[in-house]
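None of these values were measured; they are calculated from a predicted model. Lettering of chains follows the sequences in order, A, B, ..., and the numbering in each one begins at 1. We use all heavy atoms of the structure for the numbers below, so side chains are in, but hydrogens, waters and symmetry mates are not.
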Amino acid sequence: MSSAIVHEPSSSDSAAEDPVAPTEGLPPVQRNLGVWSRVRRNVSAQIGAALIAVIVLMGVGAPLLSAWDPDGINPAARNKTPGYETTIRDDDGNKVAYRALMGTDTLGRDIYTRVLYGARVSLVIGVSVAALSVAIGLALGVVAGYFRWLDGLVMRFMDGLMAIPAILLAIALVSLSGASLTTVIIAITIPQVPTVVRLVRSIVLMIREEPYVEAAISVGTPTPKILWRHVLPNTFAPLIVQATFLCGSAILLEAILSFLGVGMPSDVPTWGNIMAEGRSLFQIYPHMILFPGIFLAVTVLAINMLGDGLRDSIDPRMSKQL
Amino acid sequence: MLMYLCRRIAAIVPVVLIVGVLVFLMLRLTPGDPAAVIAGNSASSEDIAQIRSQLGLDQPIAAQFFIWAGKMVVGDFGESFFYKKTVASLIVDRLEPTLALAVLTIILATVISVPLGALAAYRQGSWVDRVVMGFSVLGFSAPVFVIGYLLIYVFSVKLGWFPVQGYQRLSDGFGGFIYRLILPSITLSIVYIALLARMTRTSVLEVLNEDYVRTARSKGLSSMKVLVRHALRNAAVPIVTVIGVSIALLISGVVVTESVFNIPGLGRLTVDAVLARDYPTVQAVVLLFSLTYVVINLTIDLLYLVLDPRIRY
Amino acid sequence: MNAPVLDVRNLRIRLPAGGDRAYAVNDVSFTVSPGEVVCLVGESGSGKSVISFSVMGLLAKALEIESGGIALQGENLVGASEARLRALRCTRMGMIFQEPMTALNPVMRCGAQIDEVLREHTDLSASMRKTRVLEMIRQVRLPDPERMYTSFPHQLSGGQRQRVMIAMALILEPALLIADEPTTALDVTTQAQILKLIKEMQQTKGAGVLFITHDFGVVAEIADRVIVLKHGSLVEMGGATEVLMRPQQAYTRMLIDAVPAHDPPARQPIAETEPFALRTVDLAKSYNTISLLGRKRSVAAASEVNIEIRRGQTLGIVGESGSGKSTVARCIARLIDPSEGRVLIGGKDFASARLDQLHAMRRKVQVIFQDPYRSLSPRRTVGASIIEGPMNYGIGREEAMQRARKLLDILRLEPSALDRYPHEFSGGQRQRICIARALAMEPELLIADEAVSALDVSVQAQVLRLLEEIRHSLNLAVLFITHDLRVAAQVCDLVAVMCKGRVVEYGSAMQIFTAPQHEYTRALLDAAPGRHFAFAQAGAAA
């Protein structure tokens with residue numbers, strides 16, 4: 001739901017160095033040195049990463065974890081509650097025991113299996129949106145931050161894009177261009193781009209004022225090399241954090257689109273679609289919404305926890321950006 | 001002072017213009033005849049012809065934009081062929097529930113989150129801090145519709161304390177109006193509380209490290225006075241900024257919450273209009289929401305004048 | 001003898017584990033009597049601020065008092081309750097801080113901030129409080145008290161803000177005033193006024209003052225007694241004149257020696273035949289702001305600057321903050337584009353050079369910046385930073401590394417430094433690395449923009465000596481930008497004094513320091529702390 005996650009610097013680090021502390025003579029703690037050891041010690045990041053690993057394994061190993069077809073309709077077993085057991089005939093006519101771990105939906109499809117396959121869609125969308133928006137945002141942000149004459153143009157455009165609520169923009173884009181994986185990814189990416197552009201631009205603006213960049217200018221380093229050597233490396237850490245949060249919010253956004261019926265085609269097993277189907281009967285069969293809902297929430301929670309952990313480990317001031 | 005006002009207002013002009021262009025292009029760039037798209041599936045060929053002449057489709061695209069923009073400015077959003085009504089009247093019908101939900105949510109969220117965030121900052125590292133922060137991560141990871149259905153299931157279906165879904169207009173009684181809004185606004189405010197509490201905590205923590213807070217302590221003020229009079233007062237600008245920026249978040253939440261609770265507001269209207277391919281309505285609502293966002297953020301910019309005496313010109 | 005206001009006994013404060021030493025303050029004892037000014041002197045990391053904060057009870061949570069006692073008028077403060085400490089603050093001990101810019105609450109009117117002290121600690125009525133606050137504002141010699149009362153801090157200058165702080169700290173006439181580097185962030189002329197005010201207030205109120213500073217010039221101005229600290233331990237303690245004239249400890253002597261004398265040493269004049277490395281002709285920089293109505297307003301940061309430097313010569317530009325001295329430096333280095341005038345380097349105009357010509361000319365002008373912590377990229381090794389420039393001009397990596405090694409040797413740094421990262425070096429070492437980076441370009445003109453201002457005095461002296469050596473051996477022209485007259489006196493052949501964007505006086509260092517013509521120069525010289533004091537080894541650098 002956090003289509004516009006607001007990033008703030010985590011203060012766990014900054015507060016530790018009280019102004020009164022006698023750090024005057026000691027060199028300030030370096031950014032990014034020992035970041036990974038700090039990430040490894042961060043409980044939040046660890047829990048997040050572990051949960052994400054489980055969900056990735058679930059998605060990848062879906063065919064191994066369930067013997068059933070996510071699209072297999074069984075009219076005899078519609079709207080069954082979790083734990084329902086029966087025997088059905090497989091393709092060769094043999095009787096096989098079937099147990100609906102998470103019940104079945106209105107068409108008798110196995111919710112457990114659909115949830116497993118749903119993880120794939122969510123993860124693919126989350127990762128693609130994060131990668132795409134970071135790539136586009138990085139390019140635009142560097143341009144806006146370093147080249148003054150393009151700054152106004154790019155940023156006004158981004159302001160305009162930001163003013164349109166993400167979900168409405170996504171809904172409109174999907175409904176106009178027809179629902180498919182590609183259009184959903186593009187539709188979710190576009191509203192995310194401005195946040196990345198703003199972040200990158202603010203970092204570039206900050207770094208270009210650093211004396212070491214001025215020193216590079218005065219030793220004759222050409223602009224492209226300055227961007228590549230001195231400016232870009234400073235954006236990586238905060239962008240990794242930002243990409244994590246974007247991934248989480250993209251997954252939520254996709255689920256919302258599916259849930260509202262304007263996302264992926266309704267027969268594709270996504271968590272949002274499974275819930276959308278359960279909407280009308282949720283008072284009697286809450287499991288249809290409960291299970292995919294839990295998986296969705298846990299996935300996003302895991303990603304956000306990882307993001308939080310990363311941000312706390314990386315220089316907190318760097319991610320101070322709305 | 002006046003200059004600042006003028007400049008801020010002047011600065012939103014390009015933004016509004018860009019929003020307008022984007023919304024306009026949204027429809028024009030789709031393949032096929034825009035007139036047919038606008039008329040929808042149930043339209044007759046006369047309808048389509050009428051729309052075509054209205055939009056001036058034979059003219060260059062820039063001219064078409066100005067025709068369209070001119071109509072938008074005077075509030076002529078066109079006709080919904082699906083609802084058989086003008087879009088303007090449709091929007092007026094649906095405004096009240098959305099406004100009520102949004103306002104109640106902002107009030108609820110601010111009242112709960114600001115003290116929580118300040119407390120967490122003040123007791124940084126304590127269990128209060130950890131609970132607030134834990135809740136905050138949880139809060140903006142949980143999808144609105146999952147929270148909504150969970151609340152309905154527990155409080156309406158199981159406990160029977162609240163009606164399952166629906167909305168009561170203000171004119172039909174204030175009690176019922178609020179009563180039916182309680183669950184939806186709690187649902188919607190959770191994300192908002194999570195976000196605001198976290199931002200408040202961060203801003204207050206940052207301010208607590210400032211020299212003037214140390215000065216305040218060196219005067220012998222109690223911690224509470226330092227926190228409220230000096231820290232929170234200075235943290236107000238970033239907090240208010242976040243309230244403004246996250247209006248976008250709120251709008252997204254409204255769309256979903258209205259669907260979950262079956263509230264006949266603008267959010268529902270958008271989804272229904274999209275599903276019915278009723279594009280003039282979609283365009284108008286997107287434009288309206290975007291302008292609301294711009295105007296609210298402008299108001300907040302102007303509020304800075306009151307909150308921070310350093311901003312003067 | 002009066003009973004001391006403050007009695008610090010065997011104070012020991014532990015640093016959090018993992019620091020470079022176990023104690024921030026180690027077994028320090030001293031007293032402050034009523035009506036005397038005691039200066040705590042030390043370089044950064046000496047623990048002088050930690051002591052002052054521990055007296056106020058404002059110590060960071062990470063630091064704890066392990067043993068020892070702090071008695072305020074006989075009352076032990078170590079282990080006193082938070083409520084008791086609060087009651088004592090501002091009533092019996094007041095404090096003023098280093099940064100007047102950030103020490104006042106920006107969203108609260110100055111009057112209200114002073115008034116807050118009275119509200120907290122007295123039962124006076126609102127109107128009585130206001131009278132009292134206005135009277136105090138008058139006492140600290142702020143102009144127009146009524147207006148000051150309703151002003152916000154940002155509407156005041158740095159010196160005025162520090163006066164508000166003093167008013168706040170002294171309004172309840174505490175027995176002890178702690179001043180933590182209260183003038184370090186101020187310009188010299190303002191510094192002199194604030195020092196005078198503190199001295200005056202202390203005399204009229206009879207308070208004991210604990211004054212923290214790193215500057216022996218300031219010590220000479222204000223101290224009755226001096227305590228020298230190093231790495232948290234007490235090095236030397238005694239009467240001000242005694243310590244300044246006859247320091248017993250080598251460390252104290254080193255600190256005093258490092259204070260640059262005011263009189264310029266005799267310098268070998270540079271032959272008129274040496275070519276000009278730099279000449280500026282009517283150099284100006286102004287910033288345009290266009291108002292909404294299209295009216296252009298132009299603010300001149302620097303105008304009509306005409307200076308000349310020959311090879312082997314050092315020209316100092318001296319000025320207070322906002323005088324435009326850094327603007328001039330940045331224009332000359334073409335880090336910003338000048339609005340008018342010419343910058344002639346080797347006869348060619350650098351100011352109007354096009355991008356392609358610029359590249360060739362950049363090599364000749366190199367800059368050393370003020371902040372040693374920000375002027376090296378934290379992600380690149382020292383070697384990579386030094387060879388970046390030569391490689392931009394087509395020199396091969398091996399040759400560039402060779403050159404870098406040679407330069408490090410000249411600058412007394414280990415060759416192994418090339419493979420290390422900047423954070424492994426101290427401020428002084430980093431500044432030397434920056435000099436190496438500049439020299440690797442084999443420039444004709446070296447611009448040092450407040451290059452030693454961020455360094456401790458002892459390190460400052462060392463870097464200055466190195467710069468002198470290099471100038472001499474490489475026959476470099478140096479443009480030395482500084483706010484510190486004493487430093488300029490030591491290293492410059494010529495001095496240009498800037499004020500409000502203009503050069504108000506320009507001449508040989510000897511003439512400027514011994515026979516200043518312009519009244520602003522005279523005011524600057526007069527305000528320099530410790531000017532009238534004959535230090536133990538005045539002119540040691542000569």
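Options C:R362, C:Q370, C:R374 differ in how many heavy-atom pairs under 4.5 Å they form with chain A, and the most are formed by C:R374. If you tally non-hydrogen atom pairs under 4.5 Å between each of C:Q366, C:E424, C:M361, C:M391 and chain A, the highest count goes to C:Q366. The most heavy-atom pairs under 4.5 Å with chain A, out of C:S375, C:G389, C:G427, C:A440, come from C:S375.
Of the charged side-chain nitrogens involved, at least one lies within less than 4.0 Å of a carboxylate oxygen, so that C:K48 and C:E181 count as a salt-bridged pair. A salt bridge is defined here as a Lys NZ or Arg NE, NH1 or NH2 lying under 4.0 Å from an Asp or Glu carboxylate O, and C:D449 with C:R330 fails to meet this definition. At a threshold of 4.0 Å, the pair C:E442-C:K364 does not count as salt-bridged, since none of the basic side-chain nitrogens sits closer than that to a carboxylate oxygen.
Cation-pi check for C:R430 over C:Y373 is not met; the charged atom does not lie both under 6.0 angstrom from the ring centroid and within 45 degrees of its normal.
For a residue to count as touching a neighbouring chain, one of its non-hydrogen atoms must lie under 4.5 Å from one of that chain's; by this rule C:R380 touches chain A with the side chain only. Proximity to chain A is limited to the side chain of C:L335, based on heavy atoms less than 4.5 angstrom apart.
C:N26 is linked by a side-chain contact (heavy atoms from CB on, under 4.5 Å) to C:R12, C:Y23, C:S233, counting only residues two or more places apart in sequence or in another chain.
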